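Just so we're on the same page: letters track the sequence lines, and every chain starts at 1. Small disclaimer: the values here were computed from a predicted structure and weren't measured.
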Amino acid sequence: MILENCSPERFESFWRHYFDLDRDYGEIKRQLSSDPVLKEAVKYGWGMRILNQDPWETLISFIISANNNITRIKGIIERLSQKFGREICWEGKSYYTFPAPESLACASEEDLKACGCGYRGAYIKKTAAMVAEGLISPYKIRELSYEEGHKTLLSCMGVGDKVADCILLFSMEKPEAFPVDVWVKRVMEYFYIGSPVPIRQIKTIAAEKFGKYAGLAQQYLFYYAREKKIGK
DNA sequence: CACCAGGTAGATC
DNA sequence: GATCTACATGGT
């Protein structure tokens, strides 16, 4: 991997953790590969890593992801950043930071609608207000256990079981979190169960089979399922 | 014009 | 608790 425009100090203080470089993926892949299905999925997504992303940004981003498609999710986040973020100029081009909690809490319904948020606009505004007022803190939730963090995240409007698991996995260093979206549900039923079952049952099976690295297994399975369009 | 997309909130039993 | 439905928006 090559990073441009990055000092050794900046690499150590930020990017090393962001790219999860201290985790031994070789060892985890070996462990998961004792399962024949995971062995194939791991082969498919051999270079994958779980990024350690910003908790606040991840919280809002995955509220937007619910019942939505990836193209639109990206567009909405881009437009929110342009409208409510801070401009950064670099090499003659403009970029925008992800908006601060206060900015989204103060956003008007019309502005959020203009970004294409749809009915999620109200969720974003409410959750942003909770953070801006200090009722909840994404950075403090990160310090909690998986169970406590999950429970706390559910108090945010727009955050359900699956979105909470995504936030915990992608920004709060909880590799045991196993988000079950439509693809993971399909691939688990297809390979391990054989018939449609409730999501909670899939989470139970995943915890038993994959243990404390269930989240990484989820990512290999997700990628594999999508690429192969399994169950569709 | 239906159906779908990295589900959730609110009502109901 | 478990189950059902409406939900903005843009693409196919």
Side-chain angles (χ1 to χ4, degrees), chain A residues 41 44-45 48-51 53-55 57-83 98 104 107-131 136 147 149-172 174-175 177-191 193 195-206 210 214-232:
Chain A
Y44 219 70
M48 183 211 77
R49 304 191 81 84
I50 303 279
L51 302 181
Q53 301 177 83
D54 177 75
E57 190 170 330
T58 305
L59 168 61
I60 297 300
S61 296
F62 276 93
I63 287 176
I64 296 167
S65 80
N67 193 29
N68 213 339
N69 63 64
I70 294 175
T71 312
R72 281 198 71 236
I73 296 164
K74 281 188 192 166
I76 292 167
I77 293 171
E78 189 61 42
R79 288 187 288 278
L80 284 176
S81 300
Q82 276 194 30
K83 198 177 269 282
F98 192 82
L104 290 181
S108 68
E109 300 278 355
E110 300 79 64
D111 280 342
L112 290 169
K113 190 162 192 165
C115 292
C117 298
Y119 63 87
R120 303 172 198 80
Y123 301 162
I124 293 170
K125 199 168 154 61
K126 278 188 182 173
T127 295
M130 283 177 70
V131 176
I136 61 150
E147 287 78 11
H150 192 276
K151 196 190 302 176
T152 309
L153 283 168
L154 288 184
S155 69
C156 297
M157 190 63 81
V159 178
D161 178 36
K162 186 266 178 181
V163 166
D165 276 334
C166 284
I167 297 164
L168 289 159
L169 178 60
F170 299 128
S171 73
M172 297 183 177
K174 299 293 181 290
F178 191 86
V180 181
D181 59 37
V182 287
W183 289 101
V184 175
K185 187 171 190 295
R186 280 178 200 144
V187 74
M188 289 293 287
E189 288 164 351
Y190 183 85
F191 284 120
I193 305 167
S195 62
V197 292
I199 287 173
R200 52 177 174 71
Q201 201 169 326
I202 294 179
K203 286 182 68 166
T204 305
I205 294 169
F210 310 130
L216 279 78
Q218 188 270 7
Q219 280 299 280
Y220 289 116
L221 288 169
F222 173 77
Y223 182 59
Y224 187 71
R226 281 202 65 132
E227 294 296 308
K228 300 251 180 195
K229 301 191 187 305
I230 284 172
K232 233 198 147 185

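- C/dT9 atom P lies 12 Å from atom CD of A/Glu109, rounded to whole Å.
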What side-chain donor-acceptor pairs closer than 3.5 Å can you find for residues 221-230 of chain A, not counting sequence neighbours?
none

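- The side chain to side chain donor-acceptor pair (under 3.5 Å) search around A/Arg72 returns A/Asn68, not counting sequence neighbours.
- For A/Thr71, the side-chain contact (heavy atoms from CB on, under 4.5 Å) criterion is met by A/Asn69, not counting sequence neighbours.
- When the P atom is used for both C/dT3 and B/dG6, the distance is 25 Å, rounded to whole Å.
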What pairs of donor and acceptor atoms, side-chain ones from residues 60-67 of chain A against any protein atom, are under 3.5 angstrom apart with sequence neighbours left out?
unit_1, atom_1, unit_2, atom_2, d
A/Ser61, OG, A/Glu57, O, 2.7
A/Ser65, OG, A/Phe62, O, 2.8

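- From the 5' end on, the contacts that DNA chain B makes with chain A at under 4.0 Å to a non-hydrogen atom open and close at B/dA5 to B/dA9.
- Comparing the same atom, P, in B/dC4 and in C/dT5 gives a spacing of 15 Å after rounding to whole Å.
- Residue contacts shown for A/Val159 are limited to sugar-phosphate atoms, with no base heavy atom under 4.0 Å away.
- Using a 4.0 Å heavy-atom criterion, one finds that A/Cys156 contacts the sugar-phosphate atoms exclusively.
- Of the two residues near DNA chain B, A/Leu154 and A/Asn68, the one whose nearest nucleotide lies more 5' is A/Asn68.
- Few gaps surround CZ on A/Phe98; more than 12 heavy atoms of other groups in view lie less than 6.0 Å from it.
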Could you go over nucleotides 3-7 of chain C and give all protein N or O partners under 3.5 Å, atom names and distances?
none

Taking only nitrogen or oxygen atoms into account, show me every contact under 3.5 Å that the protein makes with nucleotides 10-12 of chain C, one pair per line with its distance.
none

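- A/Pro175 pairs by the side-chain contact (heavy atoms from CB on, under 4.5 Å) definition with A/Arg23, A/Tyr213, A/Leu216, not counting sequence neighbours.
- Proximity of residues 218-231 of chain A to DNA chain C (heavy atom under 4.0 angstrom from any strand atom) is not detected for any residue.
- Rounded to an integer number of Å, the gap from CD of A/Gln201 to C1' of C/dA2 is 13 Å.
- Partners of A/Asp54 under the salt bridge (charged side-chain N to carboxylate O under 4.0 Å, His left out) rule, at least two apart in sequence or in another chain, do not exist in this structure.
- In this structure, A/Asp165 and A/Lys203 have side chains that are in contact, with non-hydrogen atoms separated by less than 4.5 Å.
- Rounded to whole Å, the separation between the P atoms of C/dG10 and B/dT8 comes to 22 Å.
- For A/Thr204 (side chain) and A/Arg200 (main-chain N/O), a donor-acceptor pair under 3.5 Å exists by modelled atom type.
- Contacts of A/Lys185 classified as side chain to side chain donor-acceptor pair (under 3.5 Å), with partners at least two apart in sequence or in another chain: A/Glu189.
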Practice task
Determine, step by step, whether A/Thr127 and A/Met157 satisfy the side-chain contact (heavy atoms from CB on, under 4.5 Å) criterion, reporting the C-alpha distance in whole Å, the side-chain angles of both residues, the deciding distance to 0.1 Å, and the verdict.
Solution key: CA-CA 6 Å; A/Thr127 295; A/Met157 190 63 81; 4.2 Å; yes

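- Every residue meeting the salt bridge (charged side-chain N to carboxylate O under 4.0 Å, His left out) condition with A/Asp111, not counting sequence neighbours, appears here in chain and number order: A/Lys83.
- Although no hydrogens or angles enter the test, the distance criterion places no donor-acceptor pair under 3.5 Å between the side chain of A/Gln53 and the main chain of A/Thr58.
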